[in-house]
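Written out below as structure tokens is the structure these notes cover.
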Amino acid sequence: MTEQLLPISPALSKYVANAVYFNHNSNSAFQFQMVPRIFTTLFFVIRKKQDLKINLGGDILDFNNNSVYAFGVGNLPAGFDVVNELEVILVMLHPGISRILFHDDANIFTNGRFDLTDMDQTNKNLNEKIGYATSLASKWQIIQEYLVKKLVVEIPDKFGRITGAIEILQKSHGNISINSLSENVFTCRRNLHDLFLQFVGFSPKQYADIIRFNRFVKLYTQHFGSLSQIGYQCGYHDLSHLNKDFTRFVGTSPSAYFGTALSADINNWCEIDYLAR
């Protein structure tokens, strides 16, 4: 599996967090394990030779060739099974931007996958143009032109409270009370909860839990200490709490997860990097 970061145009930089091209030309199968996901992701299937499946919270979902899908944010265990040759482009939106793209509350799409291919004529035309494009650069240019038309609009004023709260959660590594967080962005706890569901898809508490968990995974993979040492550093005061989060987020124990994840070809570490800054 080869992985290539794609350049994001300045017009899209405040909407798109990351864009990656994946190309798997081998006949060998592998599994793409996932940590909790705070990006709404657009998934462009350019080419697949055989089955491509995702286990999303226990539901096994297939993908069609030459299709476009959207994934909401997710905190259920998930992983891709790649059987054979594959070529995809993933576009990850900054937290809160999905409401601008879909004109609906983000929590409607949480832990879900949606086929956008035939949603409207614009998407049908997009998919056709991508199919006819002969190079990665031209395919990516077509996708960016589509996103500019969909995303580049005036962002609501209340979105500033969301970005401010997310910044505080990141700096505190998720270890801050929701009451203190609300006070820091000059709103009440109830209003902040509603804003997070509308724009992010998680409650502030769920988002904080993901920041803490993903930071633990990042530090542990960098061999900075034992499970208990790093767990305490990340705000886990006992191993039972850490084990519960592993069961909740990745469906297995820490030892089983790291034995698989660290040997996998790729992982969605971009989530960890974003949340652990």
Side-chain angles (χ1 to χ4, degrees), residues 5 8 12-20 32-43 54 56-57 69-80 90-102 104-114 147 151 155 158-176 178 181 185 192-221 234-236 245-246 248-251 257 261 266-277:
L5 288 174
I8 299 168
L12 288 171
S13 61
K14 67 179 179 180
Y15 306 94
V16 175
N18 209 350
V20 188
F32 176 16
Q33 298 279 0
M34 302 177 76
V35 292
R37 302 156 301 284
I38 52 89
F39 295 115
T40 292
T41 301
L42 300 178
F43 193 97
I54 183 173
L56 191 59
Y69 298 88
F71 287 88
V73 298
N75 57 359
L76 295 179
F80 283 99
L90 273 62
V91 179
M92 288 148 274
L93 306 180
H94 282 299
I97 298 300
S98 67
R99 181 174 171 83
I100 295 172
L101 178 64
F102 298 119
D104 217 333
D105 288 353
N107 65 310
I108 293 173
F109 306 97
T110 299
N111 289 311
R113 189 209 67 174
F114 307 88
L147 292 174
L151 293 175
I155 295 177
K158 57 186 176 181
F159 187 71
R161 280 204 172 90
I162 294 294
T163 56
I166 288 174
E167 183 177 352
I168 293 168
L169 284 169
Q170 288 172 354
K171 288 180 177 178
S172 67
H173 306 305
N175 293 305
I176 183 174
I178 305 306
L181 179 65
V185 293
L192 187 65
H193 181 275
D194 291 344
L195 286 174
F196 262 72
L197 291 181
Q198 290 172 23
F199 284 92
V200 178
F202 293 128
S203 69
K205 177 64 167 60
Q206 288 172 319
Y207 199 95
D209 288 348
I210 290 172
I211 289 177
R212 179 175 54 191
F213 179 82
N214 284 6
R215 180 170 182 253
F216 172 86
V217 174
K218 183 181 179 71
L219 293 179
Y220 190 76
T221 56
C234 294
Y236 292 100
D245 266 8
F246 264 86
R248 174 166 59 137
F249 291 138
V250 296
Y257 176 78
I266 54 173
N267 217 302
N268 63 336
W269 300 129
C270 57
E271 300 280 2
I272 297 172
D273 292 338
Y274 187 93
L275 289 174
R277 288 183 299 185

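These numbers were taken from a predicted model, which means no experiment stands behind them. Throughout, residue positions are numbered sequentially from 1 according to the sequence presented.
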### Task
Please lay out, stage by stage, how Met92 and Val20 fare under the test side chain to side chain contact (heavy atoms under 4.5 Å, CB included).
CA-CA 9 Å; Met92 288 148 274; Val20 188; 3.7 Å; yes

Ser98 meets the side-chain contact (heavy atoms from CB on, under 4.5 Å) criterion, sequence neighbours left out, with Thr40, Phe102, Ala106

Is there side-chain contact between Ile178 and Tyr207, with heavy atoms separated by less than 4.5 Å?
no

Minimal heavy-atom distance between Asn175 and Gly235, with the atoms involved, is OD1-CA, 3.8 Å

Salt bridge (charged side-chain N to carboxylate O under 4.0 Å, His left out) pairs touching residues 104-114, sequence neighbours excluded, are Arg99-Asp105

- Query: Does Gln170 reach the side chain of Ile211, with side-chain heavy atoms less than 4.5 Å apart?
  - Reply: yes

d(Lys158 NZ, Leu192 CG) to nearest 0.5 Å is 12.5 Å

Under 30°, 30 to 60°, or over 60°: which ring-plane class applies to Phe80 and Phe71, parallel, tilted or perpendicular? perpendicular

Look at the side chain of Asn111 and the backbone N and O of Gly72, then say whether any donor-acceptor pair between them is shorter than 3.5 Å.
-> no

Requested in this report: Check whether any side-chain heavy atom of Arg215 lies under 4.5 Å from a side-chain heavy atom of Leu219, and answer yes or no.
Outcome: yes

In Leu42, Thr41, Leu12, the residue satisfying side-chain contact (heavy atoms from CB on, under 4.5 Å) with Val91 is Leu42

Residues at least two apart in sequence or cross-chain that pass ring pair (Phe, Tyr, Trp, His ring centres under 6.0 Å) with Tyr69, listed by chain then number, are Phe63

With the side chain counted from C-beta on, respond yes when Val35 and Phe249 share a heavy-atom pair under 4.5 Å apart, and no when they do not. no

task = Decide side chain to side chain contact (heavy atoms under 4.5 Å, CB included) for Leu56 and Leu76; before the verdict, give the C-alpha distance in whole Å, the side-chain angles of both, and the deciding distance to 0.1 Å.
result = CA-CA 7 Å; Leu56 191 59; Leu76 295 179; 5.8 Å; no

Across all chains, not counting sequence neighbours, the side-chain contact (heavy atoms from CB on, under 4.5 Å) partners of Ser203 are His193, Lys205, Gln206

Please report the C-alpha distance between Leu93 and Ile100 in whole Å, then the side-chain angles of each, then the deciding distance to 0.1 Å, and finally whether the side chain to side chain contact (heavy atoms under 4.5 Å, CB included) criterion is met. CA-CA 10 Å; Leu93 306 180; Ile100 295 172; over 6 Å; no

Tightest non-hydrogen contact, residues Leu169 and Pro204, listed as CD1-O, 4.3 Å

By salt bridge (charged side-chain N to carboxylate O under 4.0 Å, His left out), Arg212 pairs with (sequence neighbours left out) Asp209

For Ser172, the side-chain contact (heavy atoms from CB on, under 4.5 Å) test, sequence neighbours excluded, returns Ile176

Hits for ring pair (Phe, Tyr, Trp, His ring centres under 6.0 Å) against Tyr236, two or more places apart or cross-chain, chain-then-number order -> His241

Which atom pairs, donor and acceptor, lie under 3.5 Å between side-chain atoms of residues 194-201 and protein residues at least two apart or in another chain?
none

Output for pair (Ile155 CD1, Lys14 NZ), nearest 0.5 Å, gives 4.5 Å

Ring pair (Phe, Tyr, Trp, His ring centres under 6.0 Å) filter on Phe216, not counting sequence neighbours, yields Tyr220, Phe246

Q.
Does any part of the side chain of Ile166, heavy atoms only, come nearer than 4.5 Å to the side chain of Ile38, both counted from C-beta?
A. no

Subject >> Verdict with reasoning, Tyr15 to Leu147, per side chain to side chain contact (heavy atoms under 4.5 Å, CB included) >> reply: CA-CA 9 Å; Tyr15 306 94; Leu147 292 174; over 6 Å; no

One should read off an interatomic distance between Asn18 CG and His94 NE2, to the nearest 0.5 angstrom, of 9.0 Å

Between Ala19 and Ile8, the two heavy atoms sitting closest are N-CD1, 4.2 Å

